[in-house]
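Accompanying notes for the structure given below.
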Protein chains: 2
Amino acid sequence: MRQFVVVGHDAPTDADFPLSDLPGSAGRLDLLARSLLAALLRSHGIREDTRVHLVLADQFTLTVDGSTVRSLHPDERSAAALLRSTLENRDEAVGQIPVETSPGITLTRVGLAETIEGLKGTVFRLGADGRSVEEVEPPSNPIFVLSDHRAFTDDERALLDDVVDGTISLGPETIHTDQAIAVAHNWLDRTGDR
Amino acid sequence: MRQFVVVGHDAPTDADFPLSDLPGSAGRLDLLARSLLAALLRSHGIREDTRVHLVLADQFTLTVDGSTVRSLHPDERSAAALLRSTLENRDEAVGQIPVETSPGITLTRVGLAETIEGLKGTVFRLGADGRSVEEVEPPSNPIFVLSDHRAFTDDERALLDDVVDGTISLGPETIHTDQAIAVAHNWLDRTGDR
């Protein structure tokens, strides 16, 4: 299975935001929505072997599982609406028990550290300082940890340094989070998840 | 220079559509908006060496030039608003003379054939039947022709067969147009536009 963990530093933790201003009053939820779509959609279908975890302001993690999610529309607004309706159920997420708010979508009251701790696979941080991806043998269960429009904080970097199996670079340009997800998928597609 | 030509079969040719329903009443303008952003944006900046051409229902072509465009926001809604405000000036596009509706954005009353005819470079069609991109030497002025959520029509295929320099495949999965643009950029970034 392929997994993507996206850290949304300014992300909303409640459903009180308008769909007409995702970059502003919704704390760059546009970016998280695009990342979700890049992770789970291929042409005319869903990547069933993929799971994406959106870490919202280090307070909640919203997980979407490609094998069980239904009715995922390809546009940013619909994806943001899905995230918002998930957050409407935030009070049901108690302790560290995930609550399934709709098929394939769960919300858990945990931040980045607990989220990564709960995953099984080879954890990669993406960064310009990493090994070129073309020299890396893709593992069978890769987990990519990415940040939003902001760099990882010092605390996040320290945490990641402890848990990652390696830092890899997708290329010489720094690109958007959703673009990086598309490129990482393509790397695994081409190399056949050897 | 890198260029992307995206064929929007159902795209609107006037500004009479709501930003709140891009996939439906705006003829999949969500897809064209995402393609525009994938082509022109990198992290915290614009790809100045890139130009994107959106072919709208084979009637108009809207071109955005990364070297001169200003104020490009990263979200789909803002990009769609930019496309819509360009279409408000459609009456100024007469004959085959491009009209610059705002800095770096031009609208021309031409379809796919005339658009490709006017470009200088190596024209690639992207398709699963093509040579693997990893075996292809990137040219200095690549032009990628992509379709939206629908396949190229028979007429478009016949036209492209006449003008393309080659068909290339980015990988074994069929992916969304904007994802393909991100992957094509990464290919050129990695291989250094040799």
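Here is the naming used below: chain letters follow the sequence lines, and residue numbers restart at 1 for every chain.
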Problem - B:D154 atom CG, over 12 foreign heavy atoms within 6.0 Å - result: no
Close approach to chain B in [range], criterion heavy atom under 4.5 Å:
range                       : answer
residues 109-118 of chain A : none
residues 62-76 of chain A   : A:P74, A:D75, A:E76
residues 163-182 of chain A : A:L170, A:G171, A:P172, A:E173, A:T174, A:I175, A:H176, A:Q179, A:A182
residues 4-35 of chain A    : A:S20, A:P23, A:R28, A:D30, A:R34

Cluster question for you: counting only ILVMFWY and a side-chain heavy-atom cut-off of under 4.5 Å, with indirect links fine, are [X] and [Y] together?
X      : Y      : value
B:M1   : B:L40  : no
A:F152 : A:F144 : no
B:V145 : B:L188 : no
A:L119 : A:V52  : no
A:L83  : A:L56  : yes

